[in-house]
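Single-structure report; data block below.
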Amino acid sequence: MAGKSGSTTKRPRRPKGFAVGPVRVRVIRGPHADDTARWYFRGEVYEAGSARTVWTGWGTVSEATMAIAGAVAAGLPDSAPARLPTECFETVRDLLEVWVGALQDRQDLADRSKTLGQRAATHVARVVGDIVLARLSIATLERYRDARLHEGAASIVVFEELKVLRRAYAWGQDRGVVTDGRRLPMPKLNVKPKHPKVTPSTAQFWRVVDALPQPWQRNLAILMGGTGCRIDEIASLTWDRVDLDRRVIRVANGKTPREVLLPPALVDDLRPAEAAGRVLPVTRRTATSGFNDALRDLDWDALGMPHFSSHAIRRMVLDTYYASGADIGVVAAQLGQSPQVALKYYRQATEGQRAKAVALAGLGERV
């Protein structure tokens with residue numbers, strides 16, 4: 001690119017996990033300082049709910065495959081579930097690489113949670129990955145905070161990245177591979193949103209629905225606006241989880257598996273389209289990324305409103321429920337939230353709602 005000199009060496013792509021017979025193989029750390037094609041692999045077998053390590057070592061993908069295939073042919077060693085090798089936990093990067101691998105194996109987390117955790121860990125490893133774990137201090141974390149803010153990262157993003165580091169550190173302590181028993185400190189950070197949250201009115205929402213270019217984008221918006229579901233919950237929805245007679249959809253891949261009651265108007269819209277397979281005629285990835293791209297590309301000035309994100313539709317549903325006087329427990333169950341989360345992160349009382357509350361309370365009136 002014009003205006004830049006010198007060259008940068010891209011970090012080689014981390015090999016994906018693979019299987020050799022009953023052995024599941026994944027990269028633990030790397031690449032090797034002397035050979036970027038070589039990584040530190042671990043081969044494990046899963047028995048009775050626990051993992052047993054049968055092979056570890058440096059090598060290329062081909063070398064690791066051949067070594068493990070030889071171990072399988074010779075008969076896997078019979079030993080107790082292995083302790084994670086402490087040699088892999090010298091630096092922050094070592095810890096995070098193993099933690100991310102364990103994160104991907106978890107069956108109780110949504111894919112989005114895994115992606116966000118990996119993304120945060122990548123930033124942490126890039127900035128402070130070479131720091132030896134024993135030297136990880138509040139000063140190091142403060143330098144990380146300042147470096148990321150200087151790069152332009154939002155304070156809430158930096159806060160989440162620091163939380164991931166603390167989570168990985170505690171994970172290592174629980175498994176005896178981080179020997180320092182202290183609780184990793186959290187540096188002071190003034191957390192504030194990079195951009196103010198915009199929650200549309202119902203009228204603004206429908207103007208945006210009409211402006212979306214693709215029918216599936218309009219349908220996705222209508223489903224979100226009628227249920228309050230997260231975008232990924234609608235993007236992955238299949239017809240076998242839609243019961244129009246009972247007026248419910250079963251959300252299975254979200255944070256809280258639940259049944260969401262459908263409004264009558266939405267049932268009427270869905271019934272003619274009922275079929276097999278996916279509710280939306282696109283993949284989940286296309287639905288989530290394509291919908292957000294479509295929102296970004298709208299002419300918001302012509303629409304006469306500020307830009308809002310897909311998640312703002314969920315906030316709109318929440319505010320609409322509360323404006324109608326709905327019980328917080330009922331709303332939380334419908335949207336898959338705890339009442340505490342609903343109040344803390346989503347409730348944005350408008351001036352009109354506050355004025356109504358003051359009037360109904362009769363504050364300041366002589367009795």
Side-chain angles (χ1 to χ4, degrees), residues 8-18 24-33 36 39-42 44 51 56 84-180 182-187 189 191 194 232 255 285 288-289:
T8 58
T9 301
K10 292 182 65 175
R11 183 178 175 86
R13 186 181 294 276
R14 182 189 184 96
K16 294 182 178 180
F18 59 94
R24 186 171 180 179
V25 189
R26 63 181 178 182
V27 169
I28 299 300
R29 63 179 295 189
H32 197 283
T36 57
W39 301 76
Y40 191 89
F41 290 91
R42 179 189 300 144
E44 297 173 313
T56 58
L84 294 174
T86 56
E87 62 180 312
C88 298
F89 291 78
E90 298 173 358
T91 66
V92 171
R93 178 175 290 106
D94 296 336
L95 173 63
L96 289 174
E97 286 180 341
V98 180
W99 179 80
V100 166
L103 186 73
Q104 299 306 317
D105 286 342
R106 288 183 58 175
Q107 301 301 308
D108 61 323
L109 292 180
D111 289 342
R112 176 170 172 78
S113 296
K114 297 178 182 180
T115 299
L116 292 176
Q118 183 172 9
R119 184 182 304 164
T122 299
H123 284 296
V124 176
R126 175 177 58 83
V127 179
V128 295
D130 294 333
I131 300 296
V132 175
L133 282 171
R135 298 179 182 176
L136 193 56
S137 64
I138 185 65
T140 304
L141 301 180
E142 288 172 344
R143 287 199 300 272
Y144 179 82
R145 173 201 63 196
D146 296 341
R148 289 290 286 135
L149 292 175
H150 182 72
E151 291 176 348
S155 57
I156 184 65
V157 172
V158 179
F159 179 71
E160 292 300 325
E161 291 167 358
L162 287 166
K163 281 174 56 179
V164 161
L165 176 55
R166 297 177 80 206
R167 196 174 301 137
Y169 198 85
W171 178 89
Q173 288 175 322
D174 291 341
R175 286 152 182 80
V177 294
V178 174
T179 57
D180 189 344
R182 64 189 170 132
R183 178 180 172 85
L184 203 62
M186 174 67 80
L189 182 61
V191 178
K194 191 171 185 179
D232 187 64
K255 293 182 178 179
R285 184 182 296 274
T288 54
S289 62

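The chain is numbered in sequence order, starting from 1. Only this structure's heavy atoms are used, side chains among them; waters, hydrogens and symmetry mates stay out. Remember, predicted model here, so these are calculated numbers, not experimental data.
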Under 3.5 Å, is there a donor on one side chain and an acceptor on the other for Tyr144 and Glu161?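 The answer is yes; a qualifying pair exists.
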Between [X] and [Y], which heavy-atom pair has the shortest distance, and what is it?
X	Y	result
Arg14	Trp39	CA-CH2, 3.7 Å
Leu149	Ser155	CD2-CA, 4.0 Å
Pro185	Pro187	O-CD, 3.9 Å
Gly172	Leu95	CA-CD1, 4.3 Å

Counting only heavy atoms not in [X], do more than 12 sit closer than 6.0 Å to its [atom1] atom?
X	atom1	result
Arg126	CZ	yes
Arg24	CZ	no
Arg182	CZ	yes

What distance do [X] atom [atom1] and [Y] atom [atom2] have between them, rounded to the nearest 0.5 Å?
X	Y	atom1	atom2	result
Arg143	Ile138	CZ	CD1	11.0 Å
Trp171	Leu103	CH2	CG	10.0 Å
Asp94	Trp99	CG	CH2	15.5 Å
Glu142	Met186	CD	CE	12.0 Å
Asp180	Arg135	CG	CZ	13.5 Å
Leu184	Leu162	CG	CG	9.0 Å

Give a yes or no on whether the backbone of Ala125 and the side-chain of Arg93 come within a donor-acceptor separation of less than 3.5 Å.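 The answer is yes, because a donor-acceptor pair under 3.5 Å joins these two groups.
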Under the criterion side-chain contact (heavy atoms from CB on, under 4.5 Å), which of Leu141, Val178, Thr91 is the partner of Leu136?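 Going through the options one by one, the only one that passes is Leu141.
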As a quick check of understanding, evaluate side-chain contact (heavy atoms from CB on, under 4.5 Å) for Val100 and Lys114, giving each step before the final call. CA-CA 8 Å; Val100 166; Lys114 297 178 182 180; over 6 Å; no
If you measure from the Lys or Arg side-chain nitrogens to the Asp or Glu carboxylate oxygens, is any gap between Arg42 and Glu44 under 4.0 Å?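 Yes.
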Between Val27 and Phe41, does a side-chain contact (heavy atoms from CB on, under 4.5 Å) hold up when you go through it step by step? CA-CA 5 Å; Val27 169; Phe41 290 91; 3.5 Å; yes
